[in-house]
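Here the structure comes first, spelled out in structure tokens, and everything after it is commentary.
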Amino acid sequence: MVVQLLILALVLLIIPFIIGGIFVDVDREGKKLLFRWVSGQFLLWAGFQLLCVPLILRERDFSSLAAAFLGYTAALVLLATAMGIKRWPERKKAFSWSLMRKKDGKARGMELVLWGAFWGVLLFQLVQAVRLAYADGDDAYYVAVAAITQSSDSMYTTLAYTGGATGLDIRHGLAPFPLWISFLGRVSGMKAAMVAHTILPVVLIAMTYALFYLIGRRLFEEKGGQLPLFLLFTELLVLFGNYSIYTPENFMIARSRQGKAALGNIVIPFLLLLFLMLLKRLQENREISPLLYLLFCATAVTGCLCSTLGALLVCMAVGIAGLLGSICYRRVRVLVPLAVCCMPCLCYAFLYLLLE
């Protein structure tokens, strides 16, 4: 068990952080520890989707996908390492560990209290997400798909409810988030159901709050003391957000292992963060890094990995934000690369209409 947990920590925490070093120069956020972790994970998710769907359509076995994705991951690690070596003289500025802004006296004391409350509530949520069992009908399919894929070495050709053979499930095969859980189980040796119910809630909920932290730093740039208060109120909304089984809060705490939960609580907030970075550069009339467009593209592909609806939502969000930004700041040229970033979504939507 200890070895399995160490492998999962390597795959879910350390490797994404290393790969996120590719985006150190994308903006000032690139030097943040949390941004590196999240951006690296998005690049991994995007690659998983691009490798997975063609293999599913060709009805290849799961081992082929696992081998291909391991090769993709190794290539990204080597690339990020090479880029890090190239930036070695500036290594001390590569990322920042600081969560708090420097303050003195009473203001700092109050901020410490707020940060302490935030960490306490976060720990409570993580423990409850793992400790409490939740009866959800979707688990009867999605977690079962992950478990069957790991045990049978097939992808979407086995019925999740009965274990019998069936034709290729195109609708779910175009958004294969459960197969990523199967991959985690394969490389660690842990059962996919255990990964889904005990490991992923901790990692994905922590990633959600990491994104809220990064967004909060943008929203409260000149008011650093309000950042922990913003995060604390966000936690309270999550704690009392179970007024319906369809709320983002319910998906975040009780159904974090599902692709739809990742879409609503991770992909869309990360997209909002990228919008803040893009619009800030447009406002300051600065050049936009190609790495930022790469992150937009990775986010679009990850949205398709999480849900077939993600293709539509990401395209709509990018189109509206890009159009408004180009009009407000008179930078019409920004629409072209943003449209290119949305092309993967259009391709997956076309595949869905064609094959379904």
Side-chain angles (χ1 to χ4, degrees), residues 4 7-8 11-12 44-73 133-201 203-204 245 251 254-263 301-311 344 347-356:
Q4 291 172 346
I7 293 173
L8 287 173
V11 174
L12 292 172
L44 286 171
W45 274 332
F48 188 85
Q49 170 74 353
L50 293 174
L51 292 171
C52 189
V53 171
L55 293 177
I56 289 174
L57 295 179
R58 296 180 63 185
E59 300 189 31
R60 300 289 296 274
D61 55 54
F62 178 64
S63 297
S64 301
L65 171 62
F69 186 62
L70 283 173
Y72 170 78
T73 302
Y134 180 77
D136 176 54
D138 284 346
D139 273 1
Y141 183 83
Y142 293 111
V143 177
V145 165
I148 287 176
T149 299
Q150 184 182 9
S151 61
S152 68
D153 204 35
S154 63
M155 297 188 291
Y156 291 104
T157 56
T158 303
L159 285 172
Y161 299 114
T162 64
T166 184
L168 182 62
D169 185 354
I170 294 298
R171 175 180 166 235
H172 295 98
L174 292 177
F177 191 81
L179 269 58
W180 177 66
I181 301 175
S182 303
F183 171 78
L184 296 177
R186 170 70 67 90
V187 297
S188 66
M190 187 180 290
K191 296 295 184 183
M194 185 179 293
V195 174
H197 285 276
T198 60
I199 305 300
L200 283 188
V203 174
L204 297 182
I245 62 173
F251 273 87
R255 306 164 70 176
S256 54
R257 56 199 164 268
Q258 297 175 16
K260 294 175 289 187
L263 175 65
V301 177
T302 302
C304 299
L305 169 69
C306 296
S307 172
T308 50
L309 184 60
C347 291
Y348 286 117
F350 176 75
L351 271 178
Y352 177 78
L353 296 175
L354 179 65
L355 299 175
E356 186 69 14

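These figures come from a predicted structure and were not determined experimentally. All values below were derived from every heavy atom in this structure, side-chain atoms included, with hydrogens, water molecules and symmetry-related copies excluded.
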Legend entry - CG on Leu179 to CG on Leu55, rounded to 0.5 Å: 10.0 Å
Inset, instruction - Spell out, as yes or no, whether a donor-acceptor pair under 3.5 Å connects the side chain of Gln49 to the backbone of Phe177. - result: no
Legend entry - Contact list for residues 142-157, test salt bridge (charged side-chain N to carboxylate O under 4.0 Å, His left out), sequence neighbours left out: Asp153-Arg186
Legend entry - Distance (rounded to the nearest 0.5 Å) between Cys347 SG and Leu174 CG: 12.0 Å
Legend entry - With Tyr348, the side-chain contact (heavy atoms from CB on, under 4.5 Å) member among Leu353, Val53, Leu305, Thr308: Val53
Legend entry - Whether Arg60 side chain and Met155 backbone form a donor-acceptor pair below 3.5 Å: no
Legend entry - Which residues share a side-chain contact (heavy atoms from CB on, under 4.5 Å) with Ala146, sequence neighbours left out: Pro178, Ile181, Ser182, Ala192
Inset, instruction - Using side-chain hydrogen bond (donor to acceptor under 3.5 Å, both in side chains) as the criterion, list what pairs up with His197, not counting sequence neighbours. - result: none
Legend entry - Counterpart residues, side-chain hydrogen bond (donor to acceptor under 3.5 Å, both in side chains), relative to Thr158 (two or more places apart): Ser154
Legend entry - Check: Arg257 side chain, Ala254 main-chain N or O, donor-acceptor pair, under 3.5 Å: yes
Inset, instruction - Could you tell me whether a side-chain N or O of Gln150 sits under 3.5 Å from a main-chain N or O of Met190, the two making a donor and an acceptor? - result: yes
Legend entry - Any residue meeting ring pair (Phe, Tyr, Trp, His ring centres under 6.0 Å) with Tyr141, in chain and number order, not counting sequence neighbours: Tyr161, His172
Legend entry - Partners passing ring pair (Phe, Tyr, Trp, His ring centres under 6.0 Å) against Phe183 (at least two apart in sequence or in another chain): Phe69
